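Okay, so here's the structure we're looking at.
Whatever order the structure lists them in is the order used to number ligands and atoms, beginning at 1. Source: prediction; values computed, not measured.
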Amino acid sequence: MPLKIAVVVGSLRAGSFNRQLAGALVRLPVASGHAFTFADIGALPLYNQDDDADQPQPAKALKTLVSGSDGVLFVTPEYNRSMPGVLKNALDHGSRPYGTSCWAGKPAGVIGTSQGKAATALAQQHLRNVLAYLDMPTLGQPEAFVQWSDGLLTGEGAVVEGSAKFLNGWMEAFLKLVEAHSG
Ligand code: FNR
């Protein structure tokens, strides 16, 4: 069954490694036939509860995208051993006003890359805490801690052969989780 997946990248940097990784993930063989749409979280203002009665347009757009998706793929860097503020900001926007969260019940996958050996392990763990509260069933295994290197992707932006099998397996497990939760 073709699935609709919202992709949320936790970096706004033009040359973001995580955005490059996300672009490669959606091109993996197992992703073929599914529809991936990247959320524009860079357009979101800082969350302000005063605006709940009339949410800013980018927040409405995020909520429409996620609500119309079967699952959410989070691809995020680690900032100071946690998730970047821009990602938390997006989660907060999507969760409000109270009772109208776009995240509730949406299956999620969590992955990310950085140059460090521990990669984004701690950011992912913090993100998992929030996703649990937001009632998002999240892929537990396999975990994916991707250490970035210039050789990870080909010149065309695909995952190189040595990593493709593992990442394709990770994506397959994520898509199976999404399918299991799709009516
Ligand atoms: C970082 N970086 C980083 N890396 C890491 O592995 N653990 C960390 O805790 C941090 N902390 C951190 C804080 C801040 C404010 C910045 C700007 C960077 C390095 C980070 O992994 C690197 O900049 C990546 O390139 C960020 O991901 P994108 O933007 O390339 O996707």
### Message
Within the 3.5 Å criterion, strictly below it, is a donor on Lys106 or Ser67 matched to an acceptor on the partner's side chain?
### Response
no
### Asp52 and Tyr47: CA distance, side-chain angles, deciding distance, side-chain contact (heavy atoms from CB on, under 4.5 Å) verdict
CA-CA 9 Å; Asp52 269 10; Tyr47 175 77; 2.8 Å; yes
### Query
Given the rule in the salt bridge (Lys or Arg N to Asp or Glu O under 4.0 Å) test, do Asp92 and Lys88 qualify, once you have shown the distances and angles that lead to the verdict?
CA-CA 6 Å; Asp92 293 341; Lys88 183 60 163 56; 3.0 Å; yes
### Message
In terms of relative ring orientation, are Trp170 and Phe174 parallel, tilted or perpendicular, with 30° and 60° separating the classes?
### Response
parallel
### Query
Hey, what's the ring geometry for Trp103 with Phe74, parallel, tilted or perpendicular (30° and 60° as the breaks)?
tilted
### Query
What does the list of residues with a heavy atom under 4.0 Å from ligand 1 look like, ordered by chain and number?
Ser11, Arg13, Ser16, Phe17, Asn18, Pro77, Glu78, Tyr79, Asn80, Arg81, Ser114, Gln115, Ala119
### Query
Does the side chain of Pro56 reach to within under 4.5 Å of the side chain of His93, using non-hydrogen atoms?
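Of all side-chain heavy-atom pairs linking His93 with Pro56, at least one is under 4.5 Å.
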